[in-house]
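Report on the structure given below.
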Amino acid sequence: YQRRVHGEDKNEETLQDLRNILRDQTYMPKDAKEMTEKLFFTAYMPTENSSQQTAQRAENLAKEIGSTHFVLPIGDTVNEFKNIATQAFGKTPQFKVHGGSWQEDLALQNIQARSRMVCSYMMAQLIPWHLNTQGYILVLASGNLDESLRGYLTKYDCSSADLNPIGSLSKNDVNKFLEWANKELQIATLKDILNAVPTAELTPLGEKQQIMQSDEVEMGMTYNELSRYGTLRKINKFGPYTMFKRLIMEWKHLSWQQVANKVKHFFKHYALNRHKMTTLTPSLHCEAYSADDNRFDLRPFLYDPTWKYQFNKLSLIHIS
């Protein structure tokens, strides 16, 4: 909590800000963890599809950084929503692995994600009551830029909050920060998090409780690829055709057709999910490639997901 601005010691100013937030003009933090315990609240909200590995990582990380941590099972809430569907339609939605359709599967995934957002806001309002204090708690979003561009998020899930600290950052840059914090701040749990396969854990676990869902498999692209698409789209202002021309020079291990298919796949889903971008939580702007739709990266609301002119040009190049 030490801070210097233009060479001046700002500890007193920071301390006063902290006292104002906590509404305690005599408060003096003992260390960073003790201060974090009063300022930062975290929650793990599992369902039957959540793994024990992720639960343990959440608990370990909270202990290391000093946050006040809650475990809030939301399985009963999700089941009540399923009961509503059963009463309305006379049949119960199922996951694809249990014989359900893709519509059923997606709806069951989304209601888990949205329930977490609602629960987060309820807790943010009730934690001051629980602690017998006044004021409000801001809810922080946890969706990164890559997921937003691809549309790999549920509208009004953990991407919806009061502020998103990582909303302008690609997954790669978030990971670089975690690597730095693991090394410089000695937060050991971050190494385990970095080594874990990125997953939403919204579909049933395997027979041996293993995680079956993978972000990159479901998206049809890697986070490395997404990071490059995002930079070329925003900073270079490339559309499908110009992005393809650049990437065939960079991704020489792939054929022209493979690169074209990857570019088409990205822009198709980028266009189909534009409506999600217009409702995203304001981000802390850290990079020039940010895609904050209403405040930083003004774009049309609707795109034709077939991109007829651009995709046709890619097809003509392949034919020639």
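Start at 1 with the first residue, then count along the sequence.
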Between [X] and [Y]: side-chain donor-acceptor atoms closer than 3.5 Å:
{"X": "Asn261", "Y": "Gln257", "value": "yes"}
{"X": "Asn110", "Y": "Asp157", "value": "no"}
{"X": "Ser51", "Y": "Glu201", "value": "yes"}
{"X": "Asp105", "Y": "Gln94", "value": "no"}
{"X": "Asp304", "Y": "Thr306", "value": "yes"}
{"X": "Glu179", "Y": "Asn175", "value": "no"}

Polar side-chain atom of [X] near backbone of [Y] as donor-acceptor pair, under 3.5 Å:
{"X": "Ser148", "Y": "Asn144", "result": "yes"}
{"X": "Asn312", "Y": "Lys308", "result": "yes"}
{"X": "Gln310", "Y": "Gly239", "result": "no"}

Is Gln210 atom CD crowded by more than 12 heavy atoms from other residues, nucleotides or ligands, each under 6.0 Å away? yes
Is a salt bridge present between Lys234 and Glu287, judged by a nitrogen-to-oxygen distance below 4.0 Å? no
I'd like to know if Lys33 pairs up with Glu37 as an ion pair, taking the criterion as any Lys NZ or Arg NE/NH1/NH2 lying under 4.0 Å from an Asp or Glu carboxylate oxygen. no
Listed by chain and number, what are the side-chain hydrogen bond (donor to acceptor under 3.5 Å, both in side chains) partners of Gln103, not counting sequence neighbours? Ser101
Going hydrophobic residue to hydrophobic residue with side-chain gaps under 4.5 angstrom, can you get from Leu232 over to Ile235? yes
Common cluster, Phe70/Leu131, ILVMFWY with side-chain heavy-atom separation under 4.5 Å: yes
Could you check whether the rings of Trp307 and Tyr270 sit parallel, tilted or perpendicular, using 30° and 60° as the cut-offs? parallel
Knowing that exactly one of Asp173, Asn236, Thr231 qualifies, which makes a side-chain hydrogen bond (donor to acceptor under 3.5 Å, both in side chains) with Tyr289? Asp173
Drop me the distance from Glu147's CD to Leu153's CG, to the nearest 0.5 angstrom. 7.0 Å
